Amino acid sequence: MRKFLLSVLMTVVCSMGFAANIAVGYCDGQVATSSKYSVRGRGLVSAVVRFSPEILSKYVGNEIRGVNAGLVSDKFCDSLVVWVRESLDGENLAQGTIKRGGTQVPKAGWNAVTLDKSIAIEAGKSYYIGYTYAQRYNDATISVVGVPISETTYIKRGVSAAWEDVSAEGVGSIEALVDGDKMPQVDASLTDAVGIQPAPGVLNITTTIVNRGQVDLTDYDLTFSAEGYSYTYTASTLVASGSKAVVSSVLYDVPDGVGFDKDLTVTLSRVAGGEDETPDDNSIIVSVKVKRNVVVEEFTGTGCGWCPRGLVGMDLLHETYGLSFVGIAIHQYNNSDPMYPRYKNIGLGSAPSCLIDRDFECDPYYGTTQVDRHILVDFQNEMDKGAFATVNVDATWDNPNDPSGVVATIKVTSQANIPGAQLGIVLLADSLTGTASSWKQSNYYTQYSASQLPADLAMFGSGGSHGQSSFFWDFNDVAINTYYEGGKYEMDLGYLAQRETKTVEYELAFPTKEPLRSALKLNCIAVAAFLVDNSGKIINAGKCYVSETNGIRDNKNIHEGNLREVARYTLDGRMVNTPQKGVNIVRLSDGSTIKVLVK
């Protein structure tokens, strides 16, 4: 594997009389959003990255003409001096300055600063490239990111302070701006490749290509290969000189195991316009993820007057994403709520609010940006991340003739090493309603007219169909029972090794308390299961409805809404192209799996 990543960006430095530079560094173009490297009061703070002969070898004979300095903050940064040296405490071979009140001022993010003279890159020589900024008050400005590289990044807090080696924390956001007459003409590399499996046999792959050459890439091939498999994709996505681009491709009919048990490699196999001068970085292993089902845990209750918007937001997700949406409505706002459950305290205190994959909190209708229906955008962004584990759920009645609960079977397969894994299991119910006043949902939106509200909330405003201070509703995705053993709400799975599968079985009883028990409908009961890592975040999840025929549907009625069949298996796991008599396992286009009966 390569020891570092070079970041390449197109940079305009008008005062130097040339249009484009190649930005060379270890940080892959990243600037951190926060920093722990602070100093109190006024003073000078420095950061530097040692550029080895290896990273600069292909640029020998060209010149360093500027420095890209990445800053976390510019709040109290009065001036910034970039410099190039031959040692940590050596004299500046060249430098450049920007300051408040000047034509170019220090800013958070990248600062491309021109050097007062160019530095010729010599073979076998290291260069220390860094910056010093004048701080007016307490601040944390130095950006350190990415994978650590030993003896690379140093900081200095104060004029008389010693240099601190922080290489174990990552690499500094510092880049050399290089240009000259001996730059490579064709020099491309692959720095990242991620694949997501939305369905068996299909891989959606994004490949990041960096162009360090002088020639724009407009016609090139990406070859995807694994044991027993090869496919070449001809791409036309522009990767301009000095820039990087993400190329999307879709692979069909991919054999089982490719990208999982068998490594999948992507190679830049052809470039129009000449041969790549440094082909050693033209291949990379694709990191394959599976489709992500997203858990949305909502804090709500019938006594919450603003929670009608949460009802709409959760139903929007339910209708839009099907089983990819693992909604869990936690009715703990008021204990008079007939749906009040025992459920883990996940830190939500106001209603309506929700946690998405236990990663971030937001409004279940407005999302993170307080825009109508933005929860759909937040959900899609989370789903697009993919996941490094699958969670498959099957559920049957404990007694098919007179069910009083559900037996859930959950199979977890990991694509990565996951220490301290845990499994949450929740029994859910849809279409819950009743006739007693306790079932009524409180509504504060009556203080607005229907015309003042967004179209899908107008029903709750004065004059709307539900424009009363309280109204009856069919509640969906309601948590009615959960795993709970020994005071814990998640089952310990221990260490999950890469490509390991664990299967667990757990029985969840129906609630016995009235009026909730009488409101349950057997065709509206589901089980959700989610895998939690040792940081408390949800890795992936699965959901399964239990039908009145013990989880087996008629083959004629498997299509629901926009769902389509993408694969079919026999009970012993063989993939088949046509329906087979008896029970078949069908995987649908949303990633869910159902059993169907073929007569």
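Because the structure is a prediction, the values reported are computed rather than measured.
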*asked:* Restricting to side-chain hydrogen bond (donor to acceptor under 3.5 Å, both in side chains), what partner residues turn up for Glu490, sequence neighbours left out?
replied: Lys344, Arg358
*Contacts of Glu382 that satisfy salt bridge (Lys or Arg N to Asp or Glu O under 4.0 Å) - sequence neighbours left out*: Arg292, Lys385
*Any salt bridge between Asp219 and Arg270, counting N to O under 4.0 Å?*
yes
_NZ/NE/NH1/NH2 to OD/OE distance under 4.0 Å, Asp165 and Arg50_ = no
*For Ala529, all residues meeting side chain to side chain contact (heavy atoms under 4.5 Å, CB included), sequence neighbours excluded*: Val391, Val393, Ile410, Leu423
*Considering only heavy atoms from C-beta outward, does the side chain of Val49 approach that of Val171 to under 4.5 Å?*
no
*asked:* Holding to salt bridge (Lys or Arg N to Asp or Glu O under 4.0 Å), I want the full list of residues that pass it with Arg373, two or more places apart in sequence or in another chain.
replied: Asp456
*Can you sort out the partners of Glu505 under side chain to side chain contact (heavy atoms under 4.5 Å, CB included), two or more places apart, ordered by chain and number?*
Val407, Thr409
*Who passes side-chain hydrogen bond (donor to acceptor under 3.5 Å, both in side chains) against Thr206, sequence neighbours left out?*
none
*Got a sec, which residues hit side chain to side chain contact (heavy atoms under 4.5 Å, CB included) with Asp384, two or more places apart in sequence or on another chain?*
Gln380
*With sequence neighbours left out, write down each residue that passes ring-ring contact (aromatic ring centres under 6.0 Å, His included) with Tyr506, or none if nothing qualifies.*
Tyr483
*With Asn62, which residues qualify under side-chain hydrogen bond (donor to acceptor under 3.5 Å, both in side chains), at least two apart?*
none
_Pairing residues for Phe51 by the ring-ring contact (aromatic ring centres under 6.0 Å, His included) criterion, not counting sequence neighbours_ = Tyr26
*asked:* With a 4.0 Å cut-off on N to O distance, would you call Asp280 and Lys58 a salt bridge?
replied: no
_Which residues share a ring-ring contact (aromatic ring centres under 6.0 Å, His included) with Tyr484, sequence neighbours left out_ = Tyr489
*Of all residues at least two apart in sequence or in a different chain, which pass the side chain to side chain contact (heavy atoms under 4.5 Å, CB included) check with Val247?*
Ile209, Tyr220, Leu222, Tyr233, Ala235, Thr237
*Kindly check if the number of other-residue, nucleotide or ligand heavy atoms within 6.0 Å of NZ (Lys411) is above 12?*
no
